[in-house]
A.B. asks: 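Provided herewith is a single structure, encoded as structure tokens, for subsequent inquiry.
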Amino acid sequence: MTAVTRTTAPTATVPPSGSRTVASSLDRIGFTRAQFWILMLILAGEFFDTLEQNSVGAMATNIKASLQIGDVQLTTINTATVLGGLVGRFVAGWLADRYGRRFSLSLNLLVYTLGGLLSAISFNYDMLLVSRFIVGIGIGGEFMIGIAMLSEMVATRFRGGLIATINVGAGGVGNFISYGLFLLLLGPLAPALGGDHHVWRWTFVILAVPALFVVLYRRRLPETPRFLLSKGRVAEANRSLAILASNSLRPTDAKPPVELTEADLPPEQLHSSPAAVFHRSVLRRTISIGVASWMAFGSQVTLNFLMPTLLVERGYSVSQSLLYTMIMNIGSLLGATTAALIANRVGRRSAVTAAGVLGCLTALAFAAFGNSTAAILVLGALFQYFTMVTNTTLAAWTAEVYPTSIRASGASIVNGIGNIAGAVMPFLAIALYGSFAFAGVFGLAALMYAILVFAARFAPETRGRSLEDVNELALSR
């Protein structure tokens, strides 16, 4: 296990009230225009993340025909992206805890852009496999690093809702718009983009190039005051707070509402190491949220990836399958929006439990009655709704249950556990579909949600509590 070491903070058994100064300063700041632009720059990256997650599944028929591959090879491409995402999460989390959230977040999109362009020029299956692995590395840490960063820069009373807003833009709007975009590119615009055998290549270019502009603008992001304080950089933390209190991202000589001093250094810190996520002081949190992430994100990735292919194999055209998948993702948008609206009013455990139970029941209903087009659309949208309430709340919860020194690593590793599920579960789902059709796929999803509800009971409630109260102060007692 990783040892716990002290910083230069006071050695009192119960840390002084000054340990809460960074939370007090952010609470005084409220929500400013500077924080709004930070949210937008994080959202932009998450949007590309969602587009990439859905791209191979949406273009499955085109890619299979162009490269002459089957469902197993296509699923392997998805697995390569997911495994790349796993590597990316671990590396991005370590870099964010070691060198800063801002550095890690910008590097992610650069790697993603390189992988996307390589995907576009892939001349065979093996090259596409490698390029999707690189894309996975690039987008792997994007989501959780962005959420960890935002959680450290906003007032306690706004934290849950603002983090959930990221998933409204990424998982909600992103899932809905992505299938609309793919429907447009693979349909009316396909002839202009080279026809069925080349349109997927231009689609990868269209997804990759705009990300470069986001990288350029992200250079303006300040580092989080909590990260700077965890490294003992008090003066820089105060400058970061001053920017957050202003109406722009430009450096300022103004003073923050509440200034930090040496007394505000965290009283106790775990080493900035991925291994510290499994230290006995936080192990229960890692297991609880990790199991829940496996079940929640595993089922979401599996269904988003397989749904267009499953619909085509049931006799629907490619255009119909994309249209129907887009309609189902109206549920994703509404679910993410619901999670954002209730985040500051309902506890994380209660929200995950309720949405998990209802998601389980909806999956069972889909397994039993998902035969007609109407039933597929209604039950699919309902399932996506409860999936997004669950996943959005879990994302916020994950960023809140680790100390600053390992917050990015912890969030990335726990989210990476769900990433592994996204690599493994599609193979099991395909096998079950072969034997039991939709009943097998959604029966598996129902079982996963039942396990999720049980696992969520063991993580600490975080709503309305500062990150210091949940972590540094609680763990040091």
Side-chain angles (χ1 to χ4, degrees), residues 1-29 34 38 92-107 145 148-156 159 221-245 249 251-277 279 281-282 399-412 466-477:
M1 294 293 180
T2 305
V4 178
T5 58
R6 283 192 178 275
T7 65
T8 56
T11 57
T13 303
V14 178
S17 59
S19 299
R20 299 180 176 87
T21 303
V22 65
S24 299
S25 188
L26 287 169
D27 287 344
R28 288 272 297 275
I29 288 171
I38 291 169
W94 177 77
L95 289 174
D97 284 335
R98 187 73 180 270
Y99 300 107
R101 289 38 168 150
R102 177 176 176 269
F103 170 78
S104 181
L105 206 61
S106 294
L107 182 62
I145 303 304
M149 184 176 196
L150 187 64
S151 73
E152 295 178 352
M153 303 176 87
V154 297
T156 301
R159 189 181 64 230
L221 288 173
E223 187 50 80
T224 78
R226 283 184 166 106
F227 170 80
L228 294 169
L229 195 63
S230 75
K231 299 299 182 183
R233 294 151 63 180
V234 178
E236 291 177 69
N238 279 319
R239 286 196 289 272
S240 176
L241 283 170
I243 292 173
L244 295 177
L249 297 180
T252 175
D253 293 328
K255 301 292 184 183
V258 181
E259 286 198 78
L260 304 172
T261 68
E262 294 290 328
D264 298 311
L265 293 172
E268 198 171 74
Q269 290 280 282
L270 292 165
H271 284 301
S272 297
S273 164
V277 176
H279 186 271
S281 61
V282 294
E400 296 171 332
V401 296
Y402 291 104
T404 302
S405 61
I406 62 167
R407 179 164 294 120
S409 292
S412 296
S466 73
L467 296 178
E468 288 72 26
D469 284 337
V470 173
N471 298 292
E472 283 85 356
L473 300 180
L475 297 174
S476 67
R477 294 189 181 105

A.B. asks: Any sub-3.5 Å donor-acceptor pair from Arg407's side-chain atoms to Ala148's backbone N or O?
C.D. replies: no

A.B. asks: Ignoring hydrogens, what is the shortest heavy-atom contact between Leu229 and Leu265? Give both atom names and the distance.
C.D. replies: O-CD2, 3.3 Å

A.B. asks: Could you tell me whether the side chain of Ser409 and the main chain of Gly93 form a donor-acceptor pair under 3.5 Å?
C.D. replies: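 Checking the backbone N and O of Gly93 against the side chain of Ser409, a donor-acceptor pair under 3.5 Å is found.
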
A.B. asks: Within the 4.5 Å heavy-atom criterion, are Ser412 and Val277 side-chain neighbours or not?
C.D. replies: no

A.B. asks: With a cut-off of 6.0 Å (strictly less than), are more than 12 heavy atoms of other residues, nucleotides or ligands near CZ of Arg98?
C.D. replies: no

A.B. asks: Do any N or O atoms from the side chain of Asp264 and from the backbone of Thr261 form a donor-acceptor pair under 3.5 angstrom?
C.D. replies: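 A pair under 3.5 Å: yes.
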
A.B. asks: How many angstroms lie between atom CG of Leu105 and atom CD1 of Ile38, to the nearest 0.5 angstrom?
C.D. replies: 11.0 Å

A.B. asks: Identify the two heavy atoms, one from Leu95 and one from Leu107, that lie closest to each other, and give their separation to 0.1 Å.
C.D. replies: CD1-CD2, 3.8 Å

A.B. asks: Looking at every heavy atom in both Val282 and Ala276, which two are closest together, and how far apart are they?
C.D. replies: CG2-O, 3.5 Å

A.B. asks: Which atom names give the shortest non-hydrogen contact between Ser104 and Ala92, and what distance separates them?
C.D. replies: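 Smallest interatomic distance, heavy atoms only, reads OG-O, 3.0 Å.
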
A.B. asks: Applying salt bridge (charged side-chain N to carboxylate O under 4.0 Å, His left out), name anything that partners Arg101, two or more places apart in sequence or on another chain.
C.D. replies: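 By the salt bridge (charged side-chain N to carboxylate O under 4.0 Å, His left out) rule, Arg101 matches Asp97, Glu152.
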
A.B. asks: Taking the side chain as every heavy atom from C-beta outward, state whether Glu262 and Val234 have any atom pair closer than 4.5 Å.
C.D. replies: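 Side-chain contact under 4.5 Å: yes.
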
A.B. asks: Report the distance from atom CG of Asp469 to atom CD of Glu400, rounding to the nearest 0.5 Å.
C.D. replies: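 With rounding to 0.5 Å, CG (Asp469) is 12.5 Å from CD (Glu400).
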
A.B. asks: Sequence neighbours excluded, which residues qualify as salt bridge (charged side-chain N to carboxylate O under 4.0 Å, His left out) partners of Arg239?
C.D. replies: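 Residues passing salt bridge (charged side-chain N to carboxylate O under 4.0 Å, His left out) with Arg239: none at all.
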
A.B. asks: How many angstroms lie between atom CG of Leu221 and atom OG of Ser240, to the nearest 0.5 angstrom?
C.D. replies: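 Nearest 0.5 Å value for the CG-OG distance: 10.5 Å.
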
A.B. asks: What pair of heavy atoms forms the shortest contact from Met153 to Pro225, and how long is it?
C.D. replies: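 Distance-wise, the nearest heavy atoms are CG-CD, 4.4 Å.
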
A.B. asks: Does Asp27 use its side chain to pair, donor to acceptor, with the backbone of Ala155 at less than 3.5 Å?
C.D. replies: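 Checking the backbone N and O of Ala155 against the side chain of Asp27, no donor-acceptor pair under 3.5 Å is found.
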
A.B. asks: Ignoring hydrogens and angles, tell me if any N or O in the side chain of Thr224 forms a donor-acceptor pair with the backbone of Met149 under 3.5 Å.
C.D. replies: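 Checked: no pair found.
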
A.B. asks: Under the salt bridge (charged side-chain N to carboxylate O under 4.0 Å, His left out) rule, collect the residues that match up with Glu223, sequence neighbours excluded.
C.D. replies: none

A.B. asks: To the nearest 0.5 Å, what is the distance between NZ (Lys255) and CG (Leu241)?
C.D. replies: 12.0 Å

A.B. asks: With a 4.5 Å cut-off on side-chain heavy atoms, are Leu26 and Thr156 touching?
C.D. replies: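 With C-beta onward as the side chain, the pair stays apart.
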
A.B. asks: Would you say the side chain of Tyr99 lies within less than 4.5 Å of the side chain of Trp94, judging by non-hydrogen atoms?
C.D. replies: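 They are in contact (side-chain heavy atoms under 4.5 Å apart), so the answer is yes.
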
A.B. asks: Measure the spacing between OG of Ser281 and CG of Asn471 and express it to the nearest 0.5 Å.
C.D. replies: 9.5 Å

A.B. asks: What are the two closest non-hydrogen atoms of Ser151 and Leu467, and how far apart are they?
C.D. replies: O-CD1, 3.4 Å

